[in-house]
Amino acid sequence: SQTIHQWPATLVQPVGSPLSLECTVEGTSNPNLYWYRQAAGRGLQLLFYSVGIGQISSEVPQNLSASRPQDRQFILSSKKLLLSDSGFYLCAWDRGLNTEAFFGQGTRLTVV
Amino acid sequence: LAKTTQPISMDSYEGQEVNITCSHNNIATNDYITWYQQFPSQGPRFIIQGYKTKVTNEVASLFIPADRKSSTLSLPRVSLSDTAVYYCLVGVIASGGGADGLTFGKGTHLIIQP
């Protein structure tokens, strides 16, 4: 069966510090991968998606970046965090073509 | 990308049937309609997907009229644990194309009371 792992579950970082969130998928190959952010009481904002290794599309310009160094690994990064980067970050995968999407457990990031 | 419109919130009581309607007036021919459920501090979970008419699974039913410009998620006999945010998504997730189908709106916050 397929599983998605996302870590860490919670993170408190000072303003200006770097960020690296990792997401890995097991049990499938060539998944579409997504990063979302959800601010408190808000909807899900799509940040990045990837349809293959090294292929990253950005939905919203910001100080975040994403990379896909391996088929089932998706990394969200920042060189310098802002207060506004606080939120609940979710990684997701699917097989495309109207298939069900599966989400990780999320990372609660608080920038202080 | 078809935009969706849902009520921001709904209230109901345990044991009642709840219907949440989503409008998607500019749905494209190839678009499917998908509903997700999200509990606080968790990722969304797939509920049901359909293209036309009616789809039913162990959790819910999805009603889609002939013009496909709207859809209704029906939850039978809700319980307190059905309190969550429900998202309606419309689009095609094309391999190598893009992520249009996974663009979430604000969803409907359903509150079930005893």
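Owing to the predicted nature of the structure, the values given are computational and were not obtained by experimental measurement. Chain letters run A, B, ... following the sequence lines, proteins first, then strands; residues in each count from 1.
Side-chain heavy atoms closer than 4.5 Å link hydrophobic residues (I, L, V, M, F, W, Y) into clusters, and following such links, even through other members, never connects I75(A) to V51(A). Y86(B) and I112(B) fall within the same hydrophobic cluster, where Ile, Leu, Val, Met, Phe, Trp and Tyr residues are linked whenever their side-chain heavy atoms come under 4.5 Å apart, directly or through other members. When hydrophobic clusters are built by joining Ile, Leu, Val, Met, Phe, Trp and Tyr residues whose side-chain heavy atoms come closer than 4.5 Å, directly or via intermediates, F74(A) is grouped together with L47(A). Linking ILVMFWY residues whenever their side-chain heavy atoms come closer than 4.5 Å, directly or via other members, leaves L73(B) and F63(B) in distinct clusters. No chain of hydrophobic side-chain contacts below 4.5 Å, direct or via other Ile, Leu, Val, Met, Phe, Trp or Tyr residues, connects I111(B) to M10(B).
The structure places CD1 of I48(B) at 11.5 Å from CD of E100(A), a figure rounded to the nearest 0.5 Å. From R45(B), atom CZ reaches atom CZ of F102(A) across 11.5 Å, with rounding to the nearest 0.5 Å.
Inter-residue side-chain proximity for V85(B) and Q38(A) is flagged as unmet; no heavy-atom pair is nearer than 4.5 Å.
Proximity to chain A is absent for every atom of Y51(B), based on heavy atoms less than 4.5 angstrom apart.
Atom CD1 of I8(B) sits in a sparse spot, with 12 or fewer heavy atoms from other residues, nucleotides or ligands closer than 6.0 Å. Atom CZ of F39(B) is surrounded by more than 12 heavy atoms from other residues, nucleotides or ligands within 6.0 Å.
Identified by a heavy-atom distance below 4.5 Å to chain B, the contributing residues of residues 105-112 of chain A are Q105(A), R108(A), in residue-number order. Contact residues of residues 14-24 of chain A toward chain B are absent (heavy-atom distance under 4.5 Å).
The minimum heavy-atom distance between L44(A) and P44(B), with the atom names listed, is CD1-CG, 3.3 Å.
A side-chain donor-acceptor contact under 3.5 Å links Y36(B) to the backbone of A101(A).
Taking F88(A) as the reference, nothing meets the ring-ring contact (aromatic ring centres under 6.0 Å, His included) condition, with sequence neighbours excluded. Checked against salt bridge (charged side-chain N to carboxylate O under 4.0 Å, His left out), D71(A) has the following partners two or more places apart in sequence or in another chain: R68(A).
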